[in-house]
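The analysis underlying the following values was restricted to heavy atoms, covering all of them including side chains, and did not include hydrogens, waters or symmetry mates.
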Amino acid sequence: MKSSMMNTYMRLLGFAKPLSRYAVPYFFYSVLHALFNTLTYVMIVPIIGTLFSDGYVFQPVYEFPLTSGLKELFNAEYLSKIINYFYTIIFGEEYRITYFLSLLSGMVISVNLLSGLFRYLGAMTIETLRVRTLQRMRNEMFDRTMGMNVGYFSDQRKGDIMSKITSDVMVVQYCVTNTLQVAFREPFLIIGYSVFMVTISWELTIFSILYLPIVGLLIGGIVKRLRHPAKRGQQRMGDMVSVMEESLSGVKAVKSYNAFDYISEKFRTINAEISNLLLSMARKQQLASPMSEFLGITAISIVLIFGGSLVTNGSMSAAGFVGYIAAFSQLTRPLRAFIDQFANINQGIAAGERIFSIIDARSEVEDKVGAVALEEFRHNIEFRGVDFSYDGQRRVLNNISFEVRRGETVALVGPSGGGKSTLSELIPRFYDPLKGEVLIDGKPLQEYTQASVREHMGIVSQDTILFNDSIRNNIAMGRQDATDEQIIAAAKVANAHDFIMQTEAGYDTNIGDRGMKLSGGQRQRLSIARAVLKNPEILILDEATSALDTESEKLVQEALTSLLKGRTSVVIAHRLSTIHNADRIIVIDQGRIAEQGSHAELMALNGIYAKLIEMQSLA
C-alpha cells in the first residue's frame, strides 16, 4: 500500500516537470524569507534590552562586524554590534534613546519588508507551478479521454469522467505545490527559529524541541485517517456529477414522467453522503491545529517555569527570555502548516489514483506500429468473415462478408437489433472485429492510421451531434479553414440555408446545448451540411430520417440524394421506401446476412425484405 501511494505521489510530481525551474528559485526565496522572518524576532532582544536595562552603555562601532557563521548571525551580542555600527554611521557617537529606538524601528520595518517580499516571491513561484501543473494535467486527461475508443464510454459514466477532470485535479494540484512548501519553506522557518533559540539558551531549547516529535506523532495519526474518506468523497462526487449531467440532459423526460421526486432523492442521497464525508474529514483535519496549539501553549507554560529560573540565577537575560518566548510561540505556526500540508498531500494522492485511472487507460483501438496514411480511396470496402461482440460473449455479428465498390450505394436493412449500426461503426474503425477483417483497397483497416481513414468519411446518424456554438462553427467542424462561401454552399445543398437565414443572427446564431433551439429536421440538415462541406469519398448514413416527420423527411431526403451523388455510400434505412434505388440491398438478421440483391430481386425472393416492405405498406 505504501509503495503504491509513493508511486502515485512521484507520478503526480511528474506533472510539475521541469521541477527545478520552480524548486531552485523557491529554495532561495524560502531561505531568505526564513532568515528575515527570524531576524524580525531577533530584533526583540535589543529593543527590550534598550527599554528596560538601566545600566545600558552605548559603544560606538566604526567597522562593520564580520560573522563566522549562521549561529552568530542570530546572536544577540553580534546583532548589538551591527546596530551600534549603523547608529554610529548615521547619528555619530552621541547616544540618545529616541534616536536608538528610531533606528531599531526602522530596522524592524526593513527586515519585515524583506521577509514579506521573499514570501510573496515564493508564493508566486508556487502559484505559477500550481496553475501550470493543473493546465498540463487537464490537457493530458482530456486528450487521453478523447483518444479512447468508442467502446470505452459504454463502460464509463460521463459525469464521473467530468468530475475527475474538473474537481479531482483541484485536489491534486495542492499535493504537488505543498511538496515544495513541506521540503523548503516550513523546515527553513523551523530551523531559523531553532537556531535563534539555541543562541539564547541551548538547555532550554533541548527541552523545548522534545515536544515536536510528540506533536508529529499525534497529528500524523490524524492525517493517516484522512486518505480513505477523501478517496470515497471523490468517488461520490463523480456519482453526483453524473446524476446532474443525466438529469439536465433528460430534463424533458424527468418532467414528462413526473420523476422529479425520484431524481431529487437520488441527488440528495449522494449529496448527503458527500457532506457527511466532508464533515468527517473536517473533524479530523480541524483537530490538528488546536491540538498542536494546545501542546505548544502547554510547552510555553513549562518553558516559562524553567526559563524563569534561568533568568533569576543569571544564566539568561530578561530580554533574551522574552525573545525566546516570542520565537518559540512562532515555532508552532510552521509546524501546524507543515502538518496541514501533509494532510493535503494525502488527500491529493487519493484523488491522484482516480486521475491515473484515466491517464493509464489504453484504447482498445490503436494505430499499429508502421501504420500508413490512406492517401486515396480507389477501389472498394470489404468485410471478410467478420465476427463482433461488445462484451466478448454474445456475438452481435457472425461471419459477415460483403463488398462495397467505389461509387456504389449499398443499403443495410433488417429488423432492429440485427447488427446494422454495428457494421457501419466498423468501417471508420470505432471498433475492431473480434474475428475477420474489414479492408479498404485490399488492405486491413489496421494497416492505415485511424485519422487518415476517417478523413475520407462522412457520417450522418439518427442522433445528430451538434454543439453549443454558432451554426457556422457547427457546419465547419473539422474544417476550420472553410470560407463563408463554402459553408453557405454546403447549407444550400442540405436544404438548410433558408431556415438559417430566418434565425436571429443567421449563420452566427447560437443553437443551444446539443442544438435544442432547432427542430429535429433542422438539426439533421445541419448535420448533412457538415458532411457536404467535408466532401467525403465514403458516406455512412445511419437511419438519418427515421425520427423525422413527413415534411422534414422530404427536405432531408432531397438533401441526402444530392449528397449521395458520385459517392461510395453505406446506408442504414428504417424506412425502406428511401433505398429502392440503392445498387445493392443487404438484409441483416440476427447478426448474419440473410438476403442481398436489388430491390426487384429481393421482392421476387419474397423473403424477409419483402415482408418488411409489406408491413410498412400496411402501416
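When atom types are taken as modelled, the side chain of R384 and the backbone of E403 share no donor-acceptor pair closer than 3.5 angstrom. Proximity of a side-chain donor or acceptor of R406 to a complementary backbone N or O of T568 within less than 3.5 Å is not detected. A donor-acceptor pair is defined here as one N or O able to donate and one able to accept, closer than 3.5 Å; such a pair exists between the side chain of S470 and the backbone of N473. Not a single donor-acceptor pair under 3.5 Å links the side chain of R394 to the backbone N or O of S389. The main-chain N or O of I270 is never found under 3.5 Å from a side-chain atom of R236 such that the two would form a donor-acceptor pair. Side-chain N or O atoms of D168 include none that pairs as donor or acceptor with a backbone N or O of I355 at under 3.5 Å. In this structure, the side chain of N149 does not engage the main chain of S363 through any donor-acceptor pair within 3.5 Å. Distance alone, capped at 3.5 Å, is enough to place a donor-acceptor pair between the D441 side chain and the N380 backbone. Judged by distance alone, the side chain of S527 and the main-chain N or O of V460 form no donor-acceptor pair under 3.5 Å. Of the possible polar contacts, none joining the Y507 side chain to the D484 backbone as a donor-acceptor pair under 3.5 Å is found.
Checked by atom type, the side-chain pair R525/Q522 shows no donor-acceptor distance below 3.5 Å. Donor-acceptor pairing under 3.5 Å is recorded for the side chains of Y390 and T422.
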Check residues 407-416 and write down every donor-acceptor pair under 3.5 Å in which the side-chain atom is one partner and the other belongs to a residue at least two apart or another chain.
residue	atom	partner	partner atom	Å
E408	OE1	R405	N	2.9
E408	OE1	R584	NH2	3.2
E408	OE2	R405	NH2	3.2

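Annotation: R144, atom CZ; neighbour count of heavy atoms from other residues, nucleotides and ligands within 6.0 Å is above 12. Within a 6.0 Å radius of NZ in K443, more than 12 heavy atoms belonging to other residues, nucleotides or ligands are found. Counting non-hydrogen atoms of other residues, nucleotides and ligands closer than 6.0 Å to CD of Q590 gives a total of 12 or fewer. Atom CD of E364 sits in a sparse spot, with 12 or fewer heavy atoms from other residues, nucleotides or ligands closer than 6.0 Å. Around CD of E504, the count of heavy atoms belonging to other residues, nucleotides or ligands within 6.0 Å does not exceed 12.
Interatomic distance, M457 CE to K534 NZ, rounded to the nearest 0.5 Å: 9.0 Å. Note that CZ of F499 is 5.5 Å distant from CG of L518, once rounded to the nearest 0.5 Å. Taken to the nearest 0.5 Å, the CD1 atom of I511 stands 9.5 Å off from the OG1 atom of T509. Put simply, CZ on R472 and CG on N510 are 13.0 Å apart, with the number rounded to the nearest 0.5 Å. Considering CE of M137 and CD1 of I358, their distance stands at 12.0 Å, rounded to 0.5 Å. Taken to the nearest 0.5 Å, the CD atom of Q450 stands 5.0 Å off from the CZ atom of R429.
Closest of all the heavy-atom pairs between V386 and P433 is CG1-CB, 3.9 Å. The shortest heavy-atom contact between I593 and S401 is CD1-O, 3.3 Å. Nearest heavy atom pair, residue A476 against residue L533, reads CA-CD2, 3.6 Å. Annotation for S424 and D542: closest pair OG-OD2, 4.2 Å, computed over non-hydrogen atoms.
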Problem set entry | Test side chain to side chain contact (heavy atoms under 4.5 Å, CB included) applied to L439 and I381, step by step | CA-CA 6 Å; L439 305 96; I381 301 168; over 6 Å; no
Exercise. Run the side chain to side chain contact (heavy atoms under 4.5 Å, CB included) check on D432 and Q446 step by step: do they pass?
Worked result: CA-CA 9 Å; D432 278 338; Q446 288 83 348; 3.5 Å; yes
For this session: Please step through side chain to side chain contact (heavy atoms under 4.5 Å, CB included) for the pair N7 and F356, ending with a clear verdict.
Result: CA-CA 11 Å; N7 183 48; F356 287 122; over 6 Å; no
Problem set entry | Worked check of side chain to side chain contact (heavy atoms under 4.5 Å, CB included) between I572 and S421 | CA-CA 7 Å; I572 298 172; S421 293; 4.2 Å; yes
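Using the six-membered ring where Trp is involved, F388 and Y431 have ring planes that are perpendicular, over 60° apart on the 30 and 60° scheme.
Contact check on D589 versus R592 returns no salt bridge, with no Lys/Arg side-chain nitrogen under 4.0 Å from an Asp/Glu carboxylate oxygen. Looking at E265 and R268, no side-chain N of the basic residue comes within less than 4.0 Å of a carboxylate O on the acidic one, giving no salt bridge.
With V169 as the partner, the side-chain contact (heavy atoms from CB on, under 4.5 Å) test is satisfied by one option alone out of Q135, R138, R354: R138.
Contact annotation: the side chain of D387 never approaches that of L397 to less than 4.5 Å [non-hydrogen atoms, C-beta and beyond]. R11 has its side chain within reach of D360: a pair of non-hydrogen atoms, C-beta onward, lies under 4.5 Å apart. Contact annotation: the side chain of R454 never approaches that of Y448 to less than 4.5 Å [non-hydrogen atoms, C-beta and beyond]. Under the 4.5 Å side-chain criterion, counting only non-hydrogen atoms from C-beta, Y22 is not in contact with T133. Using a 4.5 Å heavy-atom threshold, the side chains of L466 and M516 count as separate. With contacts defined as side-chain heavy-atom distances shorter than 4.5 Å, the pair I359/E140 qualifies. Counting only heavy atoms from C-beta outward, the side chains of I500 and I488 never approach each other to under 4.5 Å. With contacts defined as side-chain heavy-atom distances shorter than 4.5 Å, the pair F402/L423 qualifies.
For D498, there are no side chain to side chain donor-acceptor pair (under 3.5 Å) partners at least two apart in sequence or on another chain.
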